[in-house]
Amino acid sequence: MLREQLDGGMDRREFIRTLATGGYAIGVAQFLGVDDFLSAGDGEVPVVTALVREDPDDPWSLTERTRYVPAEWYAAVKKAFELNELLAQVAFTGYLGSAVVPGSYENGTAAVSVGISRDWVSLREFIERLIAGFPVDIETIFEGDDFDDEGIDDLDDLEGGADSFEPRLVEQAHNGYAPSGVACETATSLATLGPALYHPETERSLFVTANHAFKSASEDETRLTLPIEGGDPVAIGTLSATHPVLDLATVEPTGELEPMSLIDSPSPFRVRGQYTRFGLADLMARGERLEKVGAMTGHTTGAIQGIDAVTCFTEAFCRRGQIRWGGEMDLTDGDSGSVSFHEDPDGEDGDVLIAGFNNARTWWPGQSYVWGVGAYKMTERHGYHF
């Protein structure tokens, strides 16, 4: 009960009175994050916005970064997350996905954007009743026979236009490490190599790229190679795990090169951690933009359009925890596996925090964005972190 009141935006005086009359021990108070809470101003609540390394060279030194946000805004965004999850659970006929759209801190609002395949009055009325008066934006993405309810079978069919780009190849390895943001190859596809991915259970660093890059390969074609500018490709690892729902594939290093928390660019970016779900909401509330470095389209930036999104366009299942950002020109064939990121405001020049893992772009009329899974969802589902 106390935690629910805390999440709902209880002010400091009320919180102290509740502690005093309820006889809570100091240990319980610490567990509830009272120190952070008491540091907030009236009408504010603390939220964890990122997991950041204390030591840039130690991926296991992650600590939580906290920001104080308006309680009214927090309550609106939290409610939007809950309603978005409800829509995904109900998954009514015609539902193609939805996303949370946090408003600015000044407005203290949030909305839910819903995509439907049929513009029926009864369907709109059903959504509005389900949302129960919460701000909602309903868009008809497909109409009638334009969409098959079974989804699109192959993510490769969603992208296109790569013929006008040349892949970015790594010029050389960095002291035995392979940077991200450059081309990597499977037996059948070219994709973008992501930054080093870590798993607490094994305490090993893994290469990572898009799962659909391996989709057409046979069972014995599990090798990932790194093309080298002016040299022969280098085998860097073999497929260790596939996660089709996230469109994520991890690769165990087997060669001379190890994964690196560095994104290749004329001014390289060093990965220091990753954003949480509320961290992404905070970025959107402040009008911040995301960046990416892909093997084909290179370095681009774009506005965040929606977070915690549900995408049901491409398979018989829905993908959750998605980020919508930028425009359709920010991604093409070969860019899948790149990461979206934002500068670390408390880090050194070039330090960044990962927002998400890019998979595809829009291919349907009327909408234009890149979509992929949030880093927080990768951690939540499988324990991985950047």
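Computation of the quantities below employed the complete heavy-atom set of this structure, encompassing side-chain atoms and omitting hydrogens, waters and symmetry-equivalent molecules.
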- [ ] Report yes if the side chains of Pro167 and Glu185 come closer than 4.5 Å at any heavy-atom pair, otherwise no.
- [x] no
Open item on the list: Under a plain distance cut-off of 3.5 Å, with no hydrogens placed, do Trp325 and Asn358 share a side-chain donor-acceptor pair?
Closed with: yes
Open item on the list: Closer than 3.5 angstrom, by distance alone: can the side chain of Asn211 be matched with the main-chain N or O of Ala249 as a donor-acceptor pair?
Closed with: no
Open item on the list: Determine whether a donor-acceptor pair (N or O, by modelled atom type, separation under 3.5 Å) exists between the side chain of Thr242 and the backbone of Pro244.
Closed with: no
Open item on the list: For residues Val47 and Ile304: do they belong to one hydrophobic cluster (side chain heavy atoms under 4.5 Å, members Ile, Leu, Val, Met, Phe, Trp, Tyr)?
Closed with: yes
Task: same_hphob_cluster(Tyr74, Met284) at 4.5 Å side-chain heavy-atom cutoff - done: yes
Open item on the list: For the CG atom of Leu290 and the CZ atom of Phe341, what is their distance to the nearest 0.5 Å?
Closed with: 9.0 Å
Open item on the list: Counting only heavy atoms from other residues, nucleotides and ligands, does the tally under 6.0 Å from CD of Glu72 exceed 12?
Closed with: no
TODO: Report yes or no: do Val310 and Phe126 belong to one cluster of Ile/Leu/Val/Met/Phe/Trp/Tyr joined by side chain heavy-atom distances under 4.5 Å?
DONE: yes
Open item on the list: Can a side-chain donor-acceptor contact be found between Gln274 and His385 if the only test is distance below 3.5 angstrom?
Closed with: no
- [ ] Kindly indicate, with the supporting measurements, whether the criterion side-chain contact (heavy atoms from CB on, under 4.5 Å) is fulfilled by Thr238 and Leu224.
- [x] CA-CA 6 Å; Thr238 57; Leu224 188 68; over 6 Å; no
Open item on the list: I'd like to know if Leu331 and Leu193 are part of one continuous hydrophobic network [Ile/Leu/Val/Met/Phe/Trp/Tyr, side-chain heavy atoms within less than 4.5 Å].
Closed with: no
Task: Shortest non-hydrogen contact from Gly337 toward Phe357 - done: O-CE1, 3.3 Å
Task: More than 12 heavy atoms of other groups within 6.0 Å of Asp58 CG - done: yes
Open item on the list: A side-chain contact here means heavy atoms from C-beta on lying under 4.5 Å apart; do Val69 and Val45 qualify?
Closed with: yes
Open item on the list: Taking OH in Tyr177 as the centre, count heavy atoms belonging to other residues, nucleotides or ligands within less than 6.0 Å. Is the count above 12?
Closed with: no
Open item on the list: To check you understand the geometry: which heavy-atom pair defines the closest contact between Glu44 and Tyr68, and what is its length?
Closed with: OE1-CB, 3.8 Å
Task: Separation of Cys312 SG from Leu96 CG (nearest 0.5 Å) - done: 7.0 Å
TODO: Indicate whether any N or O donor in one side chain lies under 3.5 Å from an N or O acceptor in the other, for Asp344 and Tyr275.
DONE: no
Open item on the list: Would you compute the distance between atom CD1 of Ile116 and atom CG of Leu123 and round it to the nearest 0.5 angstrom?
Closed with: 4.5 Å
Task: Side-chain hydrophobic cluster, 4.5 Å single linkage: members besides Leu62 - done: Leu51
Using a 3.5 Å cut-off and no angle test, enumerate the donor-acceptor pairs between side-chain atoms of residues 259-269 and protein atoms at least two apart in sequence or in another chain.
residue : atom : partner : partner atom : Å
Ser261  : OG   : Arg53   : NH2          : 2.9
Ser261  : OG   : Tyr198  : OH           : 3.0
Asp264  : OD2  : Arg168  : NH2          : 3.1

- [ ] Please report the C-alpha distance between Val245 and Phe317 in whole Å, then the side-chain angles of each, then the deciding distance to 0.1 Å, and finally whether the side-chain contact (heavy atoms from CB on, under 4.5 Å) criterion is met.
- [x] CA-CA 8 Å; Val245 175; Phe317 55 82; 4.0 Å; yes
Open item on the list: Under a 3.5 Å cutoff, is there a donor and acceptor pairing between the side chains of His342 and Glu291?
Closed with: no
Open item on the list: Looking at Asp55, I'd like to know if its CG atom is crowded, meaning that more than 12 non-hydrogen atoms belonging to other residues, nucleotides or ligands lie closer than 6.0 Å.
Closed with: yes
Open item on the list: Main chain of Asn107, side chain of Trp73: is a donor-acceptor contact present, judged purely on distance under 3.5 Å?
Closed with: no
TODO: Among Thr192, Val208, Thr209, find the residue that satisfies the side chain to side chain contact (heavy atoms under 4.5 Å, CB included) test when tested with Cys184.
DONE: Thr209
Open item on the list: Side chains of Asp349 and Asp351, heavy atoms from C-beta outward: is any pair under 4.5 Å?
Closed with: no
Open item on the list: I'd like to know if the side chain of Thr49 and the backbone of Arg67 have a donor-acceptor N/O pair within less than 3.5 Å.
Closed with: no
Open item on the list: For the backbone of Glu328 and the side chain of Ser368, can you confirm whether one donor and one acceptor N or O come within less than 3.5 Å of each other?
Closed with: yes
TODO: Kindly state whether the ring of Tyr384 and the ring of His243 have centres lying under 6.0 angstrom apart.
DONE: yes
- [ ] Check Gly237 against Val251 and note the closest heavy-atom contact, atom names and distance.
- [x] C-CG1, 3.4 Å
Open item on the list: Is it true that Lys292 and Thr297 share a donor-acceptor pair across their side chains at a distance under 3.5 Å?
Closed with: yes
TODO: Verify, without hydrogens or angle tests, whether Thr63 (side chain) and Val52 (backbone) share a donor-acceptor contact under 3.5 angstrom.
DONE: yes
TODO: Compare all side-chain heavy atoms of Asp282 with those of Glu288 and state whether any distance is below 4.5 angstrom.
DONE: no
Open item on the list: Starting from Leu280, can I reach Val48 by hopping between I/L/V/M/F/W/Y residues whose side chains sit under 4.5 Å apart?
Closed with: no
TODO: Measure across Ala110 and Ala80 and return the closest heavy-atom pair with its distance rounded to 0.1 Å.
DONE: CB-CB, 4.1 Å
Task: Arg272 and Glu348 ion-paired at < 4.0 Å - done: no
TODO: State, without any angle test, whether Glu221 and Ser218 hold a side-chain donor-acceptor pair at a distance under 3.5 Å.
DONE: yes
- [ ] Rounded to the nearest 0.5 Å, what's the gap from CG on Asn359 to CD on Gln322? Could you check?
- [x] 6.0 Å
Task: Atom of Ile307, atom of Pro102 and distance for their closest heavy-atom approach - done: CD1-CG, 3.8 Å
Task: Val170 side chain near Glu229 side chain, heavy-atom distance below 4.5 Å - done: no
- [ ] Would you confirm whether the ring centroid of Phe81 sits within less than 6.0 angstrom of the ring centroid of Phe278?
- [x] yes
- [ ] Examine the side chains of Asp330 and Tyr369 and answer whether a donor and an acceptor come within less than 3.5 Å of each other.
- [x] no
TODO: Report yes if some heavy atom in the side chain of Arg204 is under 4.5 Å from a heavy atom in the side chain of Glu252; otherwise report no.
DONE: yes
Open item on the list: A side-chain contact here means heavy atoms from C-beta on lying under 4.5 Å apart; do Leu169 and Val182 qualify?
Closed with: no
- [ ] First locate atom OG1 of Thr250, then atom CE of Met378, and finally report the distance between them rounded to the nearest 0.5 Å.
- [x] 9.5 Å
Task: Check ion pair Arg124-Glu128 (N to O, under 4.0 angstrom) - done: no
Task: Atom of Gly321, atom of Asp308 and distance for their closest heavy-atom approach - done: CA-OD1, 4.0 Å
Task: Polar side chain donor-acceptor pair, Ser98 to Asn84, under 3.5 angstrom - done: yes
Task: Pair Asp335, Ser338: side-chain N/O donor-acceptor within cut-off below 3.5 Å - done: no
TODO: Indicate yes or no: at least one non-hydrogen side-chain atom of Val373 is less than 4.5 angstrom from one of Leu248.
DONE: no
Task: Pair Gln367-Glu139, side-chain donor/acceptor within less than 3.5 Å - done: yes
Open item on the list: Keeping Ser189 on the side-chain end and Thr186 on the backbone end, is there a donor-acceptor pair under 3.5 Å?
Closed with: no
Task: Glu256 atom CD, over 12 foreign heavy atoms within 6.0 Å - done: no
Open item on the list: Please check: side-chain N/O of Glu64 versus main-chain N/O of Ala50, any donor-acceptor pairing under 3.5 Å?
Closed with: no
TODO: First locate atom CZ of Arg319, then atom CG of Leu246, and finally report the distance between them rounded to the nearest 0.5 Å.
DONE: 8.5 Å
TODO: Any chance you could lay out the side-chain contact (heavy atoms from CB on, under 4.5 Å) test for Ile127 and Val136, step after step, and finish with the verdict?
DONE: CA-CA 9 Å; Ile127 295 171; Val136 60; 4.3 Å; yes
Task: Arg361/Asp333 ion pair, N-O < 4.0 Å - done: no
